[in-house]
2 protein chains.
Amino acid sequence: MAIDVKTQKVIAHPRLPAELVDSTSFLLKRLGFAAKGRSMDAFEEAGFNPYSFAVLAALDESAHETQGAVADALGYDRSQMVGILDELEEQGLVERRRDKVDRRRHVVELTADGKKALAKLRVLMKHLDDEFLAPLDAVERDTLHLLLLKLAQRHEPRCAPLSTGS
Amino acid sequence: MAIDVKTQKVIAHPRLPAELVDSTSFLLKRLGFAAKGRSMDAFEEAGFNPYSFAVLAALDESAHETQGAVADALGYDRSQMVGILDELEEQGLVERRRDKVDRRRHVVELTADGKKALAKLRVLMKHLDDEFLAPLDAVERDTLHLLLLKLAQRHEPRCAPLSTGS
DNA sequence: TATTGTTATACTCTATAACTATA
DNA sequence: TATAGTTATAGAGTATAACAATA
């Protein structure tokens, strides 16, 4: 219990109702927002847009992506992607070129600086994960990741493994 | 793999970059948003504000709460709480009275209808949790909840157990 | 007519700061 | 002077729709 310096009275820390804390999806909501807030702060502090890492990672994984393909892969709106890429292009991290075959399309590619930035962001992301998961040991982290993955495969179709059947 | 009906070509489902899916805090973010979206839709469909459940639960747990105490317990802004309580009062689910001892304060209390609504919302919440956790068996659900609780105690202080020491 | 990227618009959230009435 | 509740305002974020160029 904390003690107020001036009044010397006990400060009862305001607590969440037990039935909310008992709800797993409530905890997921709160922790998701906490994780988002932390990563946004950290990315911004490092001079990046909160979306930069996801976009650069997508481009690194399969090069010569079209603008819309990146948006679809990440689940962003295509109109939202315009501004994100504008900024990344200004920073010299990506290049946009018209597709010669279909001149409506913009092919997006990482620049050398973009790859360097991605490397930096990977370190930052790893650090954020480590920090967020600090209360858990290695086994617990693996277990948690596995369980979240199971949920994500249902609730976030883009996480689902590639289906091989017809 | 899905096949396009018209072109008979393979449709590669847009997929998230592997390194994002490998990040536990990324999964937490995505799942948190998915959980929030689902519960907001369900609450709204049932005629409630997304915040109703949390507020009613807080009032049920410790009656005669002051308006600011509820806001602090749930982590909402006090100015935000005004609108939420306005709506709950219109619906006849809570009552606001001036505190006779300190006339600046509003004491908030559940009405009989408020308790009935809370019972309904508890069922709805339980249903939502069950649905969201459907991919997991009972043991996995318990494990997940425990792990999230550990994280929440660090990242969401309002979830922390009451400390007993000085 | 449909699609890609773009722009414009509108709407929700949230955060902040003023304002009142009490203390 | 500080606090509880309230109101007003501004900013970010997001979702939608319209638009031009191309297919």
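Here the structure is a predicted model, which is why all the values come from computation and not from measurement. Per chain, numbering begins at 1; letters A, B, ... match sequence-line order.
- Applying the side chain to side chain donor-acceptor pair (under 3.5 Å) test to A:T111 and every residue at least two apart in sequence or in another chain returns nothing.
- For the pair B:G47 and B:Q91, the tightest heavy-atom approach, listed with the atom from each and the gap, is O-NE2, 3.2 Å.
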If a protein heavy atom is under 4.0 Å from the base, mark B; if only from the sugar-phosphate, S; if neither, -; do that for nucleotides 18-23 of chain C going 5' to 3'. ---BBS
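- With sequence neighbours excluded, no residue satisfies salt bridge (Lys or Arg N to Asp or Glu O under 4.0 Å) with A:E61.
- Here the side chains of A:L147 and A:L151 are not in contact, with every heavy-atom distance at 4.5 Å or above.
- Using a 4.0 Å cut-off on heavy atoms, none of the residues of residues 34-61 of chain B approach DNA chain D.
- Using a 4.0 Å cut-off, some side-chain N or O of B:R96 falls inside it from OP1 or OP2 of D:dT6.
- Not a single salt bridge (Lys or Arg N to Asp or Glu O under 4.0 Å) links A:D129 to another residue, sequence neighbours left out.
- For B:K150, the salt bridge (Lys or Arg N to Asp or Glu O under 4.0 Å) criterion is met by A:E140, not counting sequence neighbours.
- Taking the six-membered ring wherever Trp is involved, the centroid distance between the rings of A:Y51 and A:Y76 falls below 6.0 Å.
- In the region residues 80-95 of chain A, proximity to DNA chain D at under 4.0 angstrom, judged on heavy atoms, holds for A:Q80.
- Rounded to 10 degrees, the angle separating the terminal axes of the helix from C:dT1-D:dA23 to C:dA23-D:dT1 is 20°, with each axis obtained from five end pairs.
- In this structure, the salt bridge (Lys or Arg N to Asp or Glu O under 4.0 Å) partners of A:D102, at least two apart in sequence or on a different chain, are A:R104, A:R105.
- Pairs passing the salt bridge (charged side-chain N to carboxylate O under 4.0 Å, His left out) check and including a residue from residues 112-122 of chain A, sequence neighbours excluded, read A:D60-A:R122, A:D113-A:K116, A:R122-B:E19.
- In this model, the phosphate group of C:dG5 is approached by a side-chain N or O of A:T66 to a distance below 4.0 Å at OP1 or OP2.
- Under the side chain to side chain donor-acceptor pair (under 3.5 Å) criterion, A:T143 pairs with no residue, sequence neighbours left out.
- Under the 3.5 Å distance criterion, with hydrogens and angles disregarded, a donor-acceptor pair is assigned to the side chains of A:S39 and B:K29.
- The interatomic distance linking A:D77 (CG) with C:dT3 (C1') rounds to 15 Å, in whole Å.
- Rounded to whole Å, atom P of D:dA21 lies 13 Å from atom NE2 of A:H106.
- Applying the side chain to side chain donor-acceptor pair (under 3.5 Å) criterion to B:D130, with sequence neighbours excluded, gives B:K126, B:R141.
- Within 4.0 Å of A:R78, counting heavy atoms only, lies at least one base atom of the nucleic acid.
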Might you work through the salt bridge (Lys or Arg N to Asp or Glu O under 4.0 Å) test for B:E131 and B:R38, ending with a clear yes or no? CA-CA 10 Å; B:E131 200 178 68; B:R38 290 181 159 237; 3.2 Å; yes
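- To the nearest angstrom, P of C:dC13 lies 11 Å from CZ of A:F33.
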